[in-house]
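Notes follow once the structure below has been shown.
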Amino acid sequence: MLDIQLLRSNLPFVVERLATRGVTLDSGAFETLEAERKRLQTQTQDLQARRNTLSKQVGILKSKGEDASAVLAEVAGLGDALKAGEAALAELMPRFDAFLAGIPNLPHESVPAGRDESGNIEVLRWGAPKTIAAPRDHVELGSALGGLDFETAVKISGSRFAVMKGQIARLHRALAQFMLDLHTGEHGYTEVYVPYLVNAESMFGTGQLPKFEADLFHVPRDENEKFYLIPTAEVPVTNMVRGEILDAAALPLKFVAHTPCFRSEAGSYGRDTRGMIRQHQFDKVELVQIVPPEKSWQALEELTGHAEAVLQKLDLPYRKMALCSGDMGFSAAKTYDLEVWLPAQNAYREISSCSNFEAFQARRMQTRFRSEKSKPELVHTLNGSGLAIGRTLVAVLENYQNADGSITVPAALRSWMGGLEKITAA
RNA sequence: GGAGAGGUGGCAGAGUGGUCGAAUGUACCUGACUCGAAAUCAGGCGUAGGUGCAAGCCUACCGUGGGUUCGAAUCCCACCCUCUCCGCCA
């Protein structure tokens with residue numbers, strides 16, 4: 001959520017920054033809402049103040065045993081105007097809040113302008129893709145090794161799910177273990193285990209609701225309430241601090257979590273239908289940081305570096321992209337995507353997304369910290385995949401394939417694979 | 001699933017219709033005393049919003065949402081959560 005004060009004091013600036021995202025803010029609608037809000041609120045609060053004063057007088061008069069009927073008559077005269085004002089406010093404020101909640105974050109000044117992904121800027125390229133003659137894709141490799149089975153997954157659930165078996169399943173698990181140990185051991189993150197079903201307030205806090213309900217899976221709880229399956233650990237982990245006023249000395253908070261992620265992938269029916277690239281369920285190791293505002297830009301660089309370290313230790317070629325204004329997510333002020341080399345696609349594909357949300361999520365969550373003596377101040381939040389495990393598995397299979405269809409186990413993973421150096425057909 | 005108890009400020013804990021945003025204790029901040037500290041004493045100390053150049057003034061908030069009333073932390077209704085006991089369960 002944007003700072004309401006910023007919209008009031010500098011609406012043209014907000015309009016201009018949002019335009020770089022391809023978003024047109026209806027400034028006329030805002031000005032109308034704001035004028036109405038101001039009129040109703042001041043008027044209603046004046047009436048409330050009058051009523052409170054008179055009601056106090058009633059109490060004083062009655063305690064003295066005096067007649068209060070004149071005051072009671074006056075306060076009765078306020079009744080209708082007061083009720084009408086309160087009702088009008090109660091009707092207006094949700095519309096006002098909904099308008100505000102639907103506005104995406106403003107891109108940071110360092111974000112390149114652009115309409116779509118073609119405007120993204122490559123800021124770094126690491127590692128040289130190996131030359132692989134006639135590379136096979138992960139579906140072919142995994143199936144031949146007896147470790148990837150999409151047909152069975154279709155029977156159990158439907159499309160966009162996978163079954164893994166044997167050493168491939170173990171490799172998948174090894175990747176998660178490796179990433180968790182790296183981030184906790186070398187990057188200073190605290191491992192957390194969190195719920196996979198969350199409430200609507202949490203989804204609102206990180207910005208998935210109200211705009212992106214269609215991308216989420218829902219689980220009914222009772223007639224009035226439902227849970228949402230998390231689309232990323234960002235949601236439960238970041239919301240751990242929702243509504244909190246943190247001690248300044250406790251910052252930064254750095255959490256890492258390994259969770260499954262569930263996405264309905266509404267609106268992407270034709271894309272990446274083959275293999276494990278785009279699934280309804282996938283595992284991810286997520287990095288989350290809660291930091292003081294002045295530290296967040298440095299933290300974004302560090303956090304992205306932590307995700308890059310995973311790729312480097314696995315010796316997987318990748319490039320780092322600065323997303324342009326038009327390609328960023330709703331809540332982000334700036335995002336780096338890491339894209340890993342996939343030989344069979346002859347392309348770099350997204351494997352991590354690292355963002356600084358500045359105070360956008362913190363304001364929705366009301367997460368603040370108390371710097372010495374001053375008023376509570378909103379924190380900044382960041383997160384990034386470190387990494388998406390399903391896609392990392394794909395990258396390992398395709399980049400480490402051998403001519404005979406076997407897979408060399410990357411050196412960094414062998415201690416989690418019982419020392420195994422090569423995966424061959426069972 | 002059944003029975004009971006309870007949700008009030010950072011924490012503990014009063015308050016059951018009226019100058020209550022809320023006693024008291026504790027923690028914390030400032031000052032006094034002290035060579036310094038402890039102890040003691042005095043003062044301060046919730047959040048959000050509105051308005052104002054500012055000092056300030058005003059509004060809302062006692063789990064959440066409704067209701068009764070001139071007036072609700074307090075009364076009524078619904079819901080949520082926590083704890084204890086029983087049952088079941090990994």
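Note that these values count all heavy atoms, side chains included, but never hydrogens, waters or copies made by symmetry. So you know, we letter chains A, B, ... as the sequences are listed, proteins then strands, and number each from 1.
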Taking CG from A:D80 and P from B:C70, how many angstroms apart are they, rounded to a whole number?
12 Å
Starting from the 5' end of RNA chain B, give me the residue, A:I245 or A:I4, whose nearest nucleotide shows up first.
A:I245
Please report, rounded to the nearest Å, how far the P atom of B:U51 is from the CZ atom of A:R39.
15 Å
Under the side chain to side chain contact (heavy atoms under 4.5 Å, CB included) test, which residues partner A:T408, sequence neighbours left out?
A:Y400, A:N402, A:R414
Would you list the pairs meeting side chain to side chain donor-acceptor pair (under 3.5 Å) in which at least one residue belongs to residues 280-289 of chain A, sequence neighbours left out?
A:Y189-A:Q289, A:T232-A:K284, A:H258-A:D283, A:K284-A:E286
Write down the distance between CG (A:D247) and P (B:C11), rounded to a whole number of angstrom.
14 Å
Could you tell me how far B:G15 sits from B:G63 if I compare only their P atoms? Round to whole Å.
15 Å
Base, sugar-phosphate, or nothing: which does A:R368 touch, judged by heavy atoms less than 4.0 Å apart?
sugar-phosphate
A:R363 CZ to B:G49 C1', straight-line distance once rounded to whole Å:
14 Å
Would you call the rings of A:F30 and A:F96 parallel, tilted or perpendicular if under 30° counts as parallel and over 60° as perpendicular?
tilted
Tabulate below the donor-acceptor pairs under 3.5 Å that side-chain atoms of residues 418-426 of chain A make, not counting sequence neighbours, or state none.
none

Which residues pass the side chain to side chain contact (heavy atoms under 4.5 Å, CB included) test with A:E66, sequence neighbours left out?
A:L61, A:K64
Using whole Å, what does the distance between atom C1' of nucleotide B:G71 and atom CD of A:E74 come to?
15 Å
d(CG, A:L246; P, B:U47) in whole Å
14 Å
Categorize A:Q5 for me: base, sugar-phosphate, or nothing, with a 4.0 angstrom heavy-atom threshold over every strand shown.
sugar-phosphate
Can you pull every protein N or O that's under 3.5 Å from an N or O on nucleotides 12-18 of chain B?
residue : atom : partner : partner atom : Å
B:G18   : N2   : A:S55   : O            : 2.7

Pairs under 3.5 Å (Watson-Crick or G-U), crossing ones as [ ], inter-strand ones as |: RNA chain B comes out as ((((((((.[[[..)..(.....]]].(((((.......))))).((((((....)))))).[[[[[..)....]]]]])))))))....
May I have all residue pairs that pass salt bridge (Lys or Arg N to Asp or Glu O under 4.0 Å) and include part of residues 241-263 of chain A, sequence neighbours excluded?
none
What pairs meet the side chain to side chain donor-acceptor pair (under 3.5 Å) rule with one or both residues in residues 378-388 of chain A, with sequence neighbours excluded?
A:E234-A:N383, A:S296-A:H380, A:Q361-A:T381
Can you check ring pair (Phe, Tyr, Trp, His ring centres under 6.0 Å) on A:F262 and A:Y196, steps first, answer last?
CA-CA 9 Å; A:F262 303 92; A:Y196 305 155; 7.1 Å; no
With sequence neighbours excluded, give me every salt bridge (Lys or Arg N to Asp or Glu O under 4.0 Å) pair touching residues 174-187 of chain A.
A:E186-A:K313
Please list, chain by chain and in numerical order, all residues satisfying side chain to side chain contact (heavy atoms under 4.5 Å, CB included) with A:K38, sequence neighbours excluded.
none
Grab the CD-P distance between A:Q366 and B:G49 for me, whole Å please.
7 Å
Under the salt bridge (charged side-chain N to carboxylate O under 4.0 Å, His left out) test, residues paired with A:E350 that sit two or more places apart:
none
Just the rounded figure in Å: distance from P of B:G71 to CG of A:L82.
8 Å
With the criterion being N/O to N/O and under 3.5 Å, what pairs connect the protein with nucleotides 54-65 of chain B, and how long is each?
residue : atom : partner : partner atom : Å
B:U59   : OP1  : A:N52   : ND2          : 3.1
B:U59   : O3'  : A:Q48   : OE1          : 3.3
B:U59   : O2'  : A:Q48   : OE1          : 2.9
B:A60   : OP1  : A:R51   : NH2          : 3.2
B:A60   : OP2  : A:N52   : ND2          : 3.4

